[in-house]
Amino acid sequence: MNYYLLGYPVGHSVSPAMHNAAFKELGLPHIYSLLETEPEKLGETVQRLRENKFGGANVTTPHKIEIIKHMDTLAPSAKRIGAVNTIENRGGQLIGHNTDVIGGIKALTLKYGELTESRVVLLGAGGAARALAQELAPKVSELVILNRSPDKADKLARILPGNTVGAGLGEQQVVKTADIVINATSVGMTPNTSESPIDAQYLRQGQLVYDIVYNPIKTKLMQDAEKAGAETLGGLWMLVYQGVESFKIWTDQEPTAETMYNAALRVLEDWH
Ligand SMILES: NC(=O)c1ccc[n+]([C@@H]2O[C@H](COP(=O)([O-])OP(=O)(O)OC[C@H]3O[C@@H](n4cnc5c(N)ncnc54)[C@H](OP(=O)(O)O)[C@@H]3O)[C@@H](O)[C@H]2O)c1
């Protein structure tokens with residue numbers, strides 16, 4: 001069976017390495033490859049895939065919302081988030097799923113444990129932050145969303161349940177009292193690797209700092225957190241666990257997360 005990543009551009013992706021390593025480990029005769037798809041060709045590409053009886057696909061920027069209209073039905077995960085990152089081909093019926101957030105939360109809970117009692121500061125109010133905030137708000141004891149544009153954080157907090165507030169990045173002293181700090185902004189991403197969204201003085205021991213940026217593997221924020229004695233979790237684990245969830249949907253088999261992580265890491269290291 002053939003599996004694909006639909007996006008534009010997709011040149012820099014670790015997904016083929018991740019999934020092909022897992023297929024190999026489980027002895028599955030499948031191949032995952034990149035399928036660069038210009039936005040205006042999305043519909044015809046999906047049609048061609050249907051005709052060729054593909055196994056399934058991941059969907060990335062800029063197609064995660066546009067792809068919805070080409071699906072036959074949506075799984076609850078995709079309905080809730082309003083975006084699709086995984087296509088399941090169930091006997092010719094295309095089902096849109098979203099495994100991004102499940103992956104992000106799974107990576108977090110495996111590292112931190114139960115989230116119920118935790119005070120969380122989430123940085124960002126873009127696509128990734130919004131999806132994570134939806135999952136976190138009903139689960140945690142306090143959620144503070146900080147964003148460069150404060151109105152976006154405020155608007156988002158207002159529609160979410162629980163003890164949730166939104167403010168500007170200028171209010172970042174609240175990080176001091178947080179149990180978990182999550183960076184879901186693009187600050188610190190290659191090539192701007194010397195930037196961090198948080199002043200290092202607010203990071204402390206006893207805290208978990210989770211940066212969903214995965215290129216570089218260890219961001220400036222994570223380096224600062226380590227120096228302050230905090231625990232860290234890198235975004236490659238979120239990427240790996242969304243991949244694990246997609247893989248399970250396609251094959252009904254559980255791949256080894258470490259195998260996928262190591263394959264992705266090798267690709268990232270080759271780029272640097
Ligand atoms: N590990 C994973 O699997 C995974 C999955 C998804 C995304 N990500 C990463 O998460 C990051 C965000 O992705 P996204 O899709 O949510 O992007 P997005 O929708 O474009 O949102 C970008 C966010 O970053 C903020 N931002 C951008 N530049 C900033 C700056 N110079 N200073 C302060 N804030 C800044 C934006 O604030 P404003 O609202 O003020 O513009 C916004 O909150 C990216 O680095 C992406 O690679 C990782």
Side-chain angles (χ1 to χ4, degrees), residues 5 7-15 17-19 58-66 77 81-86 97-108 110-111 121-136 143-157 166-172 175 181-199 209-222 232-247 257 260-261 263-265 267-268 271:
L5 174 66
Y8 189 77
V10 284
H12 278 92
S13 170
V14 300
S15 293
M18 237 165 54
H19 285 286
N58 283 133
V59 182
T60 188
T61 319
H63 304 315
K64 286 187 185 183
I65 295 171
E66 198 56 25
S77 58
I81 295 158
V84 164
N85 84 319
T86 302
H97 298 256
N98 194 306
T99 67
D100 279 330
V101 187
I102 306 167
I105 300 291
K106 185 157 179 190
L108 175 59
L110 283 173
K111 176 82 183 181
V121 172
L122 174 67
L123 311 171
R130 295 180 71 84
L132 286 171
Q134 269 185 50
E135 289 293 312
L136 290 168
L143 177 64
V144 179
I145 304 167
L146 301 180
N147 194 44
R148 174 175 62 179
S149 321
D151 52 318
K152 272 167 71 180
D154 183 54
K155 259 195 199 150
L156 174 58
L169 272 175
E171 304 295 320
Q172 60 177 265
V175 160
V181 183
I182 305 173
N183 176 37
T185 74
S186 43
V187 179
M189 216 170 113
T190 299
N192 303 313
T193 53
S194 62
E195 293 173 10
S196 166
I198 290 296
D199 193 321
V209 175
Y210 178 18
D211 198 334
I212 75 159
V213 169
Y214 61 87
N215 189 11
I217 288 285
K218 197 183 278 184
T219 60
K220 169 80 164 56
L221 172 63
M222 288 167 69
T232 60
L233 176 64
L236 195 57
W237 284 110
M238 172 166 173
L239 192 75
V240 164
Y241 279 108
Q242 66 76 32
V244 165
E245 294 305 313
S246 300
F247 194 99
M260 294 175 91
Y261 185 90
L265 189 61
V267 175
L268 282 174
W271 289 344

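Order of listing sets the numbers, starting from 1, for every ligand and every atom in it. Residues take their numbers from the sequence shown, with the count starting at 1.
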Ligand 1 polar-atom proximity to protein (N/O, under 3.5 Å):
| from | atom 1 | to | atom 2 | distance (Å) |
| --- | --- | --- | --- | --- |
| ligand 1 | 1 (N) | Ile212 | O | 2.8 |
| ligand 1 | 1 (N) | Gly235 | O | 2.9 |
| ligand 1 | 3 (O) | Leu239 | N | 3.4 |
| ligand 1 | 16 (O) | Gly127 | N | 3.2 |
| ligand 1 | 16 (O) | Ala128 | N | 2.8 |
| ligand 1 | 19 (O) | Gly127 | N | 2.9 |
| ligand 1 | 24 (O) | Ser186 | N | 3.4 |
| ligand 1 | 31 (N) | Arg148 | NH1 | 3.3 |
| ligand 1 | 37 (O) | Asn147 | OD1 | 3.2 |
| ligand 1 | 39 (O) | Asn147 | ND2 | 2.9 |
| ligand 1 | 39 (O) | Lys152 | NZ | 2.6 |
| ligand 1 | 40 (O) | Arg148 | NE | 3.1 |
| ligand 1 | 40 (O) | Ser149 | N | 3.1 |
| ligand 1 | 40 (O) | Ser149 | OG | 2.5 |
| ligand 1 | 41 (O) | Arg148 | NH2 | 2.9 |
| ligand 1 | 43 (O) | Ala125 | N | 3.0 |
| ligand 1 | 43 (O) | Gly126 | N | 3.4 |
| ligand 1 | 43 (O) | Asn147 | OD1 | 2.7 |

Near Ile65 CD1, under 6.0 Å, is it more than 12 heavy atoms from other residues, nucleotides or ligands? no
Within the distance-only criterion (no hydrogens, no angle test), does the side chain of Glu245 pair as donor or acceptor with the backbone N or O of Gln242 below 3.5 angstrom? no
Closer than 3.5 angstrom, by distance alone: can the side chain of Asn147 be matched with the main-chain N or O of Ala125 as a donor-acceptor pair? yes
Does the side chain of Asn58 reach to within under 4.5 Å of the side chain of Thr86, using non-hydrogen atoms? yes
Does the side chain to side chain contact (heavy atoms under 4.5 Å, CB included) test come out yes or no for Ile217 and Leu268, once each step is laid out? CA-CA 8 Å; Ile217 288 285; Leu268 282 174; 3.4 Å; yes
Residue Lys155 excluded, over 12 heavy atoms near NZ under 6.0 Å: no
